[in-house]
Amino acid sequence: MNPIIQADHIGKTYRSGKLEVPALRDVSFEIETGAFVSIVGPSGSGKSTLFYILGGLTSPTSGTLRIQGQDFSRLSDAERTKLRRLHIGFIFQRFNLLPTISAYDNIELAHTIAETGKPLDRSLLDHLAGLLGISGRLHHRPNELSGGEQQRVAIARALITKPAIVLADEPTGNLDTQNSDAVLEMLYKSSRELNQTVLMITHNPEAAQIADRIIFMRDGRVTKIEASAGRMAVAHSG
Ligand SMILES: Nc1ncnc2c1ncn2[C@@H]1O[C@H](COP(=O)(O)OP(=O)(O)O)[C@@H](O)[C@H]1O
Ligand SMILES: [Mg+2]
């Protein structure tokens, strides 16, 4: 299978005045199309920096990132924005739903903003809402929903444009254990059904086990990449 993401010797150094903070050093890996991969590491290990680079939200200071074979750095800003809108879905720790409109409108708005050129696929929206267990909650505003429900709405929002790649930064970071497990299961199920490639960042080694493969990070470096012990191991561990 073709790798959909190729990170080749990526480095990122933040500069403010004379201060230099190396956040990523010589990070290389490939992600196969359709894989579900976790990136795990302690706070400050460079996970969010990698998330922003993979999403085209910031540029590496060295190295090359290829998405679907295209060198990100060779794209114009407009081309990069288009690739991001059409092919990448984002899920954040703090849900980032708009508070004044309903769950349904949040999902619909994401579709509008992506400018796919296609009308909203209402049957997909209904299907995702079913998979994510929020069918009865769509006409509520975010503050009328639990944290777990808000994150499931945010997952539907990320998936409604059928992105090839889903990037999630600590998607269960604001949830309790029970909600985390449910949300991870649903993210896994819905992304498998839509044949998506998922990169999920987490500082929680147990949550990381939902993936097929785990990339371990420390101090801005990849320390190892290995097959996950598997979801069954997690299911039986508690
Ligand atoms: N905008 C920034 N400016 C300067 N340093 C930053 C910035 N963002 C992150 N860093 C630093 O880069 C390192 C990696 O941060 P980050 O990618 O947020 O790690 P993680 O998500 O694993 O906690 C940390 O030392 C952090 O302080
Ligand atoms: Mg982070």
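Predicted, not measured: the structure shown is a model, and the values here were computed from it. In what follows, every heavy atom counts, from backbone to side chain, and hydrogens, waters and symmetry copies are set aside. Each residue takes its place number in the sequence, starting with 1. Atoms within a ligand are numbered from 1 in the order they appear, just like the ligands themselves.
- Looking at S16 against ligand 1, nothing comes within 4.0 Å, counting heavy atoms.
- Ring-plane geometry between F92 and F51 is classed as perpendicular, the angle between the planes exceeding 60 degrees on a 0 to 90 degree scale with a lower cut at 30.
- Hydrophobic clustering, with ILVMFWY side chains joined whenever heavy atoms are under 4.5 angstrom apart, keeps L65 apart from Y14.
- Note that atom 19 (O) of ligand 1 has protein non-hydrogen atoms nearby, at separations under 4.0 angstrom.
- Of the listed options I39, D219, T49, T49 places a heavy atom closest to atom 16 (P) of ligand 1.
- Residues R85 and E115 are paired through a salt bridge, judged by an N-O separation under 4.0 Å between the basic side chain and the carboxylate.
- Taken to the nearest 0.5 Å, the NE2 atom of H9 stands 8.5 Å off from the OG1 atom of T64.
- Under the 6.0 Å distance and 45° angle rule, R74 does not count as a cation-pi partner of F72.
- Checked by distance only, ligand 1 and A23 stay at 3.5 Å or farther apart across all their nitrogen or oxygen atoms.
- Using a 4.0 Å cut-off between charged nitrogen and carboxylate oxygen, K162 and D121 count as a salt-bridge pair.
- Regarding atom 5 (N) of ligand 1, its nearest protein heavy-atom neighbour is Y14 CD1, 3.4 Å.
- At a cut-off of 2.8 Å, T49 is not counted among the residues with an N, O or S atom near the Mg ion (ligand 2).
- Taking every heavy atom of G46 and a limit of under 4.0 angstrom, the matching atoms of ligand 1 come to 14 (C), 16 (P), 17 (O), 19 (O), 20 (P), 22 (O).
- By the definition of a contact as any protein heavy atom under 4.0 Å away, atom 9 (C) of ligand 1 is in contact.
- Taking a cut-off of under 4.0 Å to the non-hydrogen atoms of S48, the atoms of ligand 1 that pass are 17 (O), 18 (O), 20 (P), 21 (O).
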